[in-house]
Amino acid sequence: MPKTYEQASVQDYGLLAQAMTTYHPRLAEYEVKVALLMVASNGDAPALRAHGHAVAARIRVLGPRERLLAEKDAVIEVDADRWAELDEAQGLALLDHQLEHLIIQAGKSGEIKRGPDERPLLGTRPEDWLLAGFADVVERHGLAALEAQALRKLFDDRQGLFDFMQDKPPTKSGKRKTNHDQAAA
Ligand SMILES: [Zn+2]
């Protein structure tokens, strides 16, 4: 059975609105409209992929034709199975991550760029970091491996950001896990 798509529930749209007004007031100020779609894979393959890896969610800016038809500016797709495993705080963080990708395009003097429909034009920005690496390569080469250096640099540059790593991880009952899971795309 192919993938199926469903509009998010009113409750989930409420969480998205909370993420936008709390952490992205500029998007809220310009009334950026974001659709929230739940995607079910209906099979063993992951519902969503980015860069070849399974992801819990991803965001895309809509083109002019889609904007007109959908009356939305961007769409967040969420893996419905993964979503069902998240509590509210985790869901909020996931949606915050997706909105963090969105930027309102501005000209050199800072004025907002708008499309022919007068809606602000959006773009996306990449994450501050994207970790990829092979355990086998790090085992063979240690800090000579670029992926090990990247990890080292991340911890050195962002001291304080990862203080929670000292905490003991919460004991959680057997949720599905794969080596390829990323938090989000
Ligand atoms: Zn991302």
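Since we're looking at a predicted model, the values are computed, not measured. Note: hydrogens, waters and symmetry copies are ignored here, and every other heavy atom, side chains too, is used.
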Counting only heavy atoms not in Q7, do more than 12 fall under 6.0 Å of its CD?
-> yes

Is R26 close to I104 at the side-chain level, that is, under 4.5 Å between some pair of heavy atoms?
-> yes

Crowded around K3 NZ? As in, over 12 foreign heavy atoms under 6.0 Å?
-> yes

Any V39 side-chain heavy atom under 4.5 Å of D79 side chain = no

Establish whether L161 and L131 are linked, either directly or via other cluster members, by ILVMFWY side-chain heavy-atom contacts under 4.5 Å.
-> yes

List the steps and the verdict of side-chain contact (heavy atoms from CB on, under 4.5 Å) for R125 and L102.
-> CA-CA 6 Å; R125 65 189 192 100; L102 280 188; over 6 Å; no

From I59 atom CD1 to T124 atom OG1, the distance as rounded to the nearest 0.5 Å = 8.5 Å

Do you reckon Y30 sits in the same ILVMFWY cluster as L68, going by side-chain contacts under 4.5 Å, direct or chained?
-> no

Under a 4.5 Å cut-off applied to non-hydrogen side-chain atoms, are L86 and L94 in contact?
-> yes

Compute the centroid of each ring, for F162 and then for W129, and state whether the two points are separated by less than 6.0 Å.
-> yes

Separation of L16 CG from T21 OG1 (nearest 0.5 Å) = 9.5 Å

Set of residues satisfying side-chain contact (heavy atoms from CB on, under 4.5 Å) with respect to A148, sequence neighbours excluded = V138, L143, A145

So do R152 and D156 actually touch side chain to side chain, heavy atoms under 4.5 Å?
-> yes

Student check: side-chain heavy atoms of V55 and R82 closer than 4.5 Å | no

Would a hydrophobic clustering, with Ile, Leu, Val, Met, Phe, Trp and Tyr connected at side-chain separations under 4.5 Å, put L62 with I103?
-> no

Go through the side-chain N and O atoms of E111 and S109 and say whether any donor and acceptor fall under 3.5 Å apart.
-> yes

Do the side chains of E127 and H97 get nearer than 4.5 Å, heavy atoms only?
-> yes

In short, N42 meets P2 closest at the heavy-atom pair ND2-O, 2.9 Å

Within the side chain of K33, is there an N or O that forms a donor-acceptor pair under 3.5 Å with the backbone of A74?
-> no

Among V34, I76, V75, L36, find the residue that satisfies the side-chain contact (heavy atoms from CB on, under 4.5 Å) test when tested with Q98.
-> I76

Going through the checks in order, is the side-chain hydrogen bond (donor to acceptor under 3.5 Å, both in side chains) test met by Y23 and Q18?
-> CA-CA 8 Å; Y23 309 113; Q18 185 186 338; 5.8 Å; no

Below 4.5 Å, heavy atoms only, C-beta onward: do M38 and Y5 meet side chain to side chain?
-> no

Same cluster for V10 and W83 if Ile/Leu/Val/Met/Phe/Trp/Tyr side chains link at under 4.5 Å?
-> no

What closest approach, in Å, do E147 and F134 show between heavy atoms, and which atom pair accounts for it?
-> OE2-N, 2.9 Å

Note: P120 and R114 closest approach over all heavy atoms is CD-NH1, 3.8 Å

Can we say R60 and E66 salt-bridge, meaning some charged N sits less than 4.0 Å from an Asp/Glu carboxylate O?
-> yes

Kindly determine whether D81 and S41 satisfy side-chain hydrogen bond (donor to acceptor under 3.5 Å, both in side chains), including the steps that lead there.
-> CA-CA 8 Å; D81 290 338; S41 75; 4.7 Å; no

Sidechain-backbone polar pair: D96 side chain, A19 backbone, donor-acceptor under 3.5 Å | no

Gap separating the CG atom of L122 from the CG atom of L27, nearest 0.5 angstrom | 7.5 Å

Step through the shown structure and confirm whether more than 12 heavy atoms of other residues, nucleotides or ligands are within 6.0 Å of CD on E71.
-> no

Which distance, rounded to the nearest 0.5 Å, do you find between the CZ of R58 and the NE2 of H51?
-> 10.5 Å

So how far is it from L37 CG to D12 CG, rounded to the nearest 0.5 Å?
-> 11.5 Å

Do you know which two heavy atoms are closest between R49 and G52, and how far apart they sit?
-> NH1-O, 3.1 Å

Rounded distance [0.5 Å steps], CZ in R67 versus CZ in R119 = 6.5 Å

